[in-house]
Amino acid sequence: MKIAVLYPELLGTYGDGGNARVLQQRMRLRGLRATVVEVSLADPIPAADLYLLGGGEDGPQRLATQTLRKRHFPKTVRGGALVLAVCAGLQILGESFAVEGGLQFAGLGLVDAVTRRGDARSVGNLAVKIGERTLVGFENHGGKTELGKGVEPLGSVLLGQGNDGSVDGYETEQIWATYAHGPVLALNPWFADHILSIVTGKELAPLKSVADDLYRRRVNALGL
Ligand code: GLN
């Protein structure tokens, strides 16, 4: 399995590159191999089983969007690629996103989602109900995201803001998108395994690690 981390020099502000390490380690602990490639602005986008897009500030986010377009990433996704997108990544895949000053900037148009500037930044703990599970993380963004009809949110907000105070992210057949940093897969081992089972097409053996205990403690500490 090959994981490509896209433009960590631009979309690495919030440590989301750690998601790749978590996936790789959870594979390794099961005796399975995963390679991680960091793709920089100068590189072509390689073939990969999963692409990771992290969070970043407005300026770098614009440059990342332009470069992804130039490197035909929309075609890669339309061709069936799987993507985990966090915060700026979530906004980039949508129709447009706002940058400071209120300017709307064209996204990659892969998902019917529009991000406008909110009155206040959304900063703090974020918890999201996804089916019977709870996803925990941190958020720090100025954008508020509106999903088009027919776009499924990833889950409903229990704590914090997510897209708009009521739902967080979106999920399509190929894309998981959330506002949660952490890195989100380090804080939510169940979500890491959910993604791994889909990417590998395998039912994965359960794994007991300190991450599970920390997850439970965090959920309790948040009173969820
Ligand atoms: N620049 C975007 C915003 O502020 C995304 C921030 C982030 O990735 N945390 O909305």
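Counting convention: from 1, in listed order, for ligands and their atoms alike. For this chain, numbers begin at 1 and follow the sequence in order.
Remark: Asp213 engages Lys208 in a salt bridge, criterion side-chain N to carboxylate O under 4.0 Å.
Closest protein heavy atom to atom 1 (N) of ligand 1: Asp58 OD1, 2.6 Å. Of the protein's non-hydrogen atoms, the one nearest atom 7 (C) of ligand 1 is Cys87 SG, 2.8 Å.
With a 4.5 Å cut-off on side-chain heavy atoms, Leu103 and Arg117 do not count as touching.
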Can you check salt bridge (Lys or Arg N to Asp or Glu O under 4.0 Å) on Arg30 and Asp193, steps first, answer last?
CA-CA 11 Å; Arg30 294 177 166 105; Asp193 283 352; 2.8 Å; yes

Derivation of the ring pair (Phe, Tyr, Trp, His ring centres under 6.0 Å) call for Phe73 and Tyr51
CA-CA 10 Å; Phe73 188 59; Tyr51 294 90; 5.4 Å; yes

Report the C-alpha separation of Lys129 and Asp168 in whole Å, then their side-chain angles, then the decisive distance to 0.1 Å, and conclude whether the salt bridge (Lys or Arg N to Asp or Glu O under 4.0 Å) test is met.
CA-CA 9 Å; Lys129 193 95 198 148; Asp168 177 58; over 6 Å; no

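Within the listing of ligand 1, atoms 1 (N), 2 (C), 5 (C) sit less than 4.0 angstrom from a heavy atom of Gln61. Close approach of ligand 1 to Gly56 (heavy-atom distance below 4.0 Å) involves ligand atoms 1 (N), 2 (C), 5 (C), 6 (C), 7 (C), 8 (O). Near Arg121, meaning under 4.0 Å from any of its heavy atoms, are these atoms of ligand 1: 4 (O). Close contacts between ligand 1 and Gly142 involve ligand atoms 3 (C), 4 (O), 10 (O) [criterion: under 4.0 Å to a heavy atom]. Contact atoms of ligand 1 toward Gly55: 8 (O) (distance under 4.0 Å to a heavy atom of the residue).
Annotation for Arg216: atom CZ counts as buried by contact number, over 12 foreign heavy atoms lying within 6.0 Å. In this structure, Glu146 places its CD atom where only 12 or fewer heavy-atom neighbours from other residues, nucleotides or ligands lie under 6.0 Å away.
With a 4.0 Å cut-off on non-hydrogen atoms, Phe97 does not touch ligand 1 at all. The proximity of Asn140 to ligand 1, defined as any non-hydrogen pair under 4.0 Å, is limited to the backbone. Under 4.0 angstrom from ligand 1, the non-hydrogen atoms of His181 all belong to its side chain.
Note on ring orientation: taking the six-membered ring where Trp is involved, the planes of Phe105 and Phe97 are tilted (angle from 30° to 60°).
Assignment of Gln91 to the shell around ligand 1 is supported, since a heavy atom sits closer than 4.0 Å.
When the options Gly59, Ala85, Gly89, Gly143 are ranked by their closest heavy atom to atom 10 (O) of ligand 1, first place goes to Gly143.
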